[in-house]
Colleague: 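Got a structure for you, written out below as structure tokens; questions coming shortly.
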Amino acid sequence: MSLKIYNTLTGKKEEFVPLKPGEVKIYTCGVTVYDYNHVGHGRSLIVFDMIRRYLRYLGYNVKFVRNFTDVDDKIINRANRECVPFTVIADKYIKEYFEDAENFRIEPADVEPRVTTHIPDIIDFIQKLIDKGYAYEVDGDVYFSVRKFKEYGKLSKRSVDELIAGARVEASDKKRDPLDFALWKRSKAGEPSWDSPWGKGRPGWHTECCAMIFKHLGETIDIHGGGLDLTFPHHENELAQAEALTDKPFARYWVHNGLVTVNGQKMSKSLGNYITLKEIYSKYEPDILRLLVLSVHYRSPLDFSWEKMEDTKKAYDKLKSAIDDVNILEKLPENPNFEGHLYDDIAKAEQGFYEAMSDDFNSPEALASIFKLVREMNILKNRAVKEGGISKKALQSYREASEIIYKILRDIFGLFDSLQPCVETEEIKAKKESEVKIDENLIETLIEVRNKARKSKKYDIADYIRDKLKDLGIVIEDTPVGTKWKKI
RNA sequence: GGCGGGGUAGCCAAGUGGUAAGGCAGGGGACUGCAAAUCCCUUAUACGCGGGUUCGAUUCCCGCCCCCGCCUCCA
């Protein structure tokens, strides 16, 4: 099956053909570790996790690299403010990152390199650019000569003249051209620094990714990803450096996810309108955010709201109960005369799912085909319950439908891996402690009592128990084969 | 200003040159002791506005309006 991917570089959906058949090399820009991750970071992580999983599903051997920027101005500023070495800040937020990633079932990358452990590679990279005439040293700084790279601007679709006209480019007396950007920054007093041929300093932001990509994946990768806001200048600069040096395509497909907004405004630190991932999973199962993110095409903007989380939770529960309700059918007596089965619907849903996913990872449409199957499952279930029996074949088809949905959503969307956060934060612990401890045996007993009351038509007692349980957050559903309950 | 992406029902959100997937919400019905869950029917004379091409456009072209992002660090 062919896969189409929208390539920022060409502005078109293109047939995906990896450099080496059967293998996909992906790099995504990870986070700068100076603060907690928010939903915007989460979206990017979830999107590329899904892309990676889908590629693997298609049979590709995927090598995935995601970096940490663990030295930069923001980290240094924060460290200075808190009077600690910058490594303390970086280490703390790398730890936080892993906690978030684990909670959202973001698979660890195959390599998760840190800038500070790749300094020699970065220096080597810069030196080669100088040797080739694309970079120059001035007073301990090294700059990239943007105008020397004739194709500069091809990714973000802008010309160097426009950029000059924009006049936002900060003039530096050291740069030969205001468009040039720093590959290496001479360290100021008190800043972290490493020895280099140009004196003590530290790498500029755009260079690290190139050096780490070359080291871990090679000079041409298949997919380079990140948030849309990284297109310029970061990815443009990366591309310029890499291609200037190698004269080879740096990335075959540039993939950018849309940004998360709040009330239409970009979620960002500076606006203060951000919601941390911790806050999400202290309130909801991590799966809910995953499903919300995948309910929107990855290139569209996603306006976050708690109302949407609520809506998504309901949709999620619908998927979950369709899968779980196989247990109701299992308990029904066999009825060989029961007509119908789900095999055609399963085939249609699977095909719909994969066609949608293969069209630039159209997860919302893929999800729609799952929901269509869910409806067919519910129709079959209703009928079986009404008729008081089901045929072996129909039951088996429901079982398979249930398994396929579960498998698809787990393997590709990363749902259902676990329904609870796997890392408990203080906030979650506190929340749990404040909750009334619910004893499952006790609930079963109450339900038994209620069912006895129902049998003897003492509905006031039965309803009283149901209401009281609801107050405790337990919802009851009577089914022909017994009473189901769940926590809300 | 330049570049990029959008404007689809009450709210989200896919999609198509031949008359609109899916989710949530609302109304009616079935089921239920009542509920819950689920199903059925129903909710866009129609896809920002105005032109054009076409037998036919929401989908293609042109113009306009509005929103967002990038152009400075940002997933």
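Lettering of chains follows the sequences in order, A, B, ..., and the numbering in each one begins at 1.
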Colleague: A/Arg466 near the nucleic acid: base, sugar-phosphate alone, or nothing, with a heavy-atom cut-off under 4.0 Å?
Modeller: base
Colleague: Any donor-acceptor pair under 3.5 Å between the side chain of A/Lys74 and the base of B/C73?
Modeller: yes
Colleague: Hey, what are the protein-to-nucleotides 41-43 of chain B N/O distances that come in under 3.5 Å?
Modeller:
none

Colleague: Counting only heavy atoms and a strict 4.0 angstrom limit, can you tell me which residues of residues 226-236 of chain A come near RNA chain B?
Modeller: A/Gly226, A/Gly227, A/Asp229, A/Leu230, A/Phe232
Colleague: Under the 5.5 Å and 30° test, is A/Phe371 stacked on the base of B/G22?
Modeller: no
Colleague: One pair to check against side chain to side chain donor-acceptor pair (under 3.5 Å): A/Asn77 and A/Tyr34. What are the steps and the verdict?
Modeller: CA-CA 9 Å; A/Asn77 289 342; A/Tyr34 74 102; over 6 Å; no
Colleague: In whole angstrom, what separates A/Arg43's CZ from B/C68's P?
Modeller: 17 Å
Colleague: Find the runs of at least 3 consecutive base pairs, i with j, i+1 with j-1 and so on, that include RNA chain B, using Watson-Crick or G-U wobble geometry with both distances under 3.5 Å.
Modeller: B:1-7 with B:65-71, B:10-12 with B:22-24, B:26-30 with B:38-42, B:48-52 with B:60-64
Colleague: If you measure from the C1' atom in B/G51 to the same atom in B/G26, how many Å do you get, rounded?
Modeller: 38 Å
Colleague: Under 4.0 Å, heavy atoms only, any strand: does A/Val47 hit a base, just the sugar-phosphate, or nothing?
Modeller: nothing
Colleague: If you measure from the P atom in B/U45 to the same atom in B/G50, how many Å do you get, rounded?
Modeller: 15 Å
Colleague: Tell me the interatomic distance from A/Lys318, atom NZ, to B/U38, atom P, rounded to whole angstroms.
Modeller: 6 Å
Colleague: Tell me: CG of A/Asn362 to P of B/G23, nearest whole Å?
Modeller: 16 Å
Colleague: Do the numbers put A/Arg466 on top of the ring of A/Tyr459, so that NZ or CZ is under 6.0 Å from the six-membered ring centre and no more than 45° off the axis?
Modeller: no
Colleague: Please report the distance separating the P of B/G63 from the corresponding atom of B/G1, rounded so that it comes out in whole Å.
Modeller: 15 Å
Colleague: Counting just side-chain N and O atoms, does A/Arg375 come under 4.0 Å of either OP1 or OP2 of B/G22?
Modeller: yes
Colleague: I need the NZ-P distance between A/Lys266 and B/C73, as an integer number of Å.
Modeller: 12 Å
